[in-house]
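All remarks here apply to the structure that follows.
Since this is a predicted model, take the numbers as computed values, not measurements.
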Amino acid sequence: MSSNRAEVRGSQRLQALLHHLRSSHSMPINSDSKLSVSKRAAVLICVFEGADGNLRVFLTQRASSLSTHAGEVALPGGKTEEDDADDVHTALREAKEEIGLDPSLVSVITILEPFHTKYGITIIPVVGILSDKDAFSPILNPAEVEAIFDVPLEMFLKNNNRRAEEREWMGEKHLVHYFDYEVGNKKYVIWAITAAILIRAATLLLQQPPAFLEQRPEIWGGITESDMIILGSSTSK
């Protein structure tokens, strides 16, 4: 895994982001390491700098032939295999298999807290920077991925093109967020746990809270500190 801890090349913004994360956010290795391999997965939040200087992130549309979550938008990633060294290895291996992303192009900068699904799977989000986007030529695995696209990271902190539904799980009410995105003639919807992971990543990387009440369910980390700030300000008006 040390080969993916290389210094981030590129703009001053990427360098500043790396410095901030290293000084303020520790990177756990194999959190929840007692979990069985069959109950563990990792996803790659691969960010890069767009032409406008803003951070963007790669997403995929899952193949329509898959038995679960067919056609849905997801982050590159998948279940841990027995010979994976750690969560970083899992996320990078899966990204290579799904979209042809060479692990040597990605500098891993942090790992987010685990997200647990109602099906008993724990997902570890791995955050990495692609300093040279031009070096990446996607090669999609048609058995797993139907399309790849990228979106601005800041969209997951804005109310634009967002809606939410109140749900209940184990007696606990929470919000499920939906983000609509259109590129070319194709429309995508980023929602549920993928949206929750990206909201958390955007909050950390852009260093600002979302402009809406997040209210994650307990299995996704529960109500957040930014939720409490927003709730506090709304009740004081």
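- Contacts of Glu144 classified as side-chain contact (heavy atoms from CB on, under 4.5 Å), with partners at least two apart in sequence or in another chain: Glu94, Glu98, Asn141.
- The CD1 atom of Ile99 sits 11.5 Å away from atom OG of Ser137, with the distance rounded to the nearest 0.5 Å.
- We find the CG-CG distance between Leu105 and Leu130 to be 6.0 Å, quoted to the nearest 0.5 Å.
- The hydrophobic cluster around Tyr178 extends to Val176, Val189, Trp191, counting ILVMFWY residues whose side-chain heavy atoms fall within less than 4.5 Å of a member.
- Within the 4.5 Å cutoff, the side chain of Ile148 has no heavy atoms near those of the Leu59 side chain.
- A salt bridge does not link Lys133 with Glu49: every distance from a Lys NZ or Arg NE/NH1/NH2 to an Asp or Glu carboxylate oxygen is 4.0 Å or more.
- Residues Val57 and Leu198 meet the side-chain proximity criterion, which asks for heavy atoms closer than 4.5 Å.
- With a 4.5 Å cut-off on side-chain heavy atoms, Ile121 and His116 do not count as touching.
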Determine, stepwise, if the pair Glu165 / Arg163 fulfils salt bridge (charged side-chain N to carboxylate O under 4.0 Å, His left out). CA-CA 7 Å; Glu165 293 180 358; Arg163 63 189 189 278; 5.4 Å; no
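- Phe58 pairs by the ring pair (Phe, Tyr, Trp, His ring centres under 6.0 Å) definition with Phe48, Phe136, not counting sequence neighbours.
- With rounding to the nearest 0.5 Å, the separation of NE2 in His174 from CH2 in Trp169 is 9.5 Å.
- Taking hydrophobic clusters as Ile, Leu, Val, Met, Phe, Trp and Tyr residues chained together by side-chain heavy-atom distances below 4.5 Å, Leu44 does not share a cluster with Ile139.
- Without hydrogens or angle criteria, Thr194 side chain to Ile190 main chain gives no donor-acceptor distance under 3.5 Å.
- When all heavy atoms are compared, the tightest approach of Ala63 to Ala143 is CB-O, 3.8 Å.
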Decide yes or no on side-chain hydrogen bond (donor to acceptor under 3.5 Å, both in side chains) for Lys186 and Gln61, but give the supporting numbers first. CA-CA 11 Å; Lys186 196 154 187 181; Gln61 182 178 31; 3.0 Å; yes
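- Between Leu205 and Ile109, the closest side-chain pair of non-hydrogen atoms falls below 4.5 Å.
- Formation of a donor-acceptor pair under 3.5 Å by the Trp220 side chain with backbone atoms of Ile193 is not found in this model.
- Looking at heavy atoms from C-beta onward, Phe115 lies in side-chain contact with Arg200 at the 4.5 angstrom threshold.
- Partner Arg40 forms a side-chain hydrogen bond (donor to acceptor under 3.5 Å, both in side chains) with one of Thr90, Asp84, Asp87 and no other, that one being Asp87.
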Checking salt bridge (charged side-chain N to carboxylate O under 4.0 Å, His left out) for the pair Glu97/Lys79: CA distance, chi angles, key distance, verdict? CA-CA 12 Å; Glu97 294 175 2; Lys79 289 187 177 181; over 6 Å; no
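- Under the 3.5 Å distance criterion, the side-chain polar atoms of Thr60 are left unmatched by any main-chain donor or acceptor of Arg62.
- Ion pairing between a basic and an acidic side chain is recognised when a charged N comes within 4.0 Å of a carboxylate O; Lys118 and Glu218 show no such pairing.
- In this structure, Leu175 and Glu214 approach most closely via the heavy-atom pair CB-O, 3.7 Å.
- Checked by atom type and distance alone, the side chain of Glu154 never pairs as donor or acceptor with a backbone atom of Leu55 at under 3.5 Å.
- Leu157 is not listed as a side-chain neighbour of Pro209, based on a closest heavy-atom distance of 4.5 Å or more.
- The aromatic ring centres of Phe212 and His177 sit less than 6.0 Å apart.
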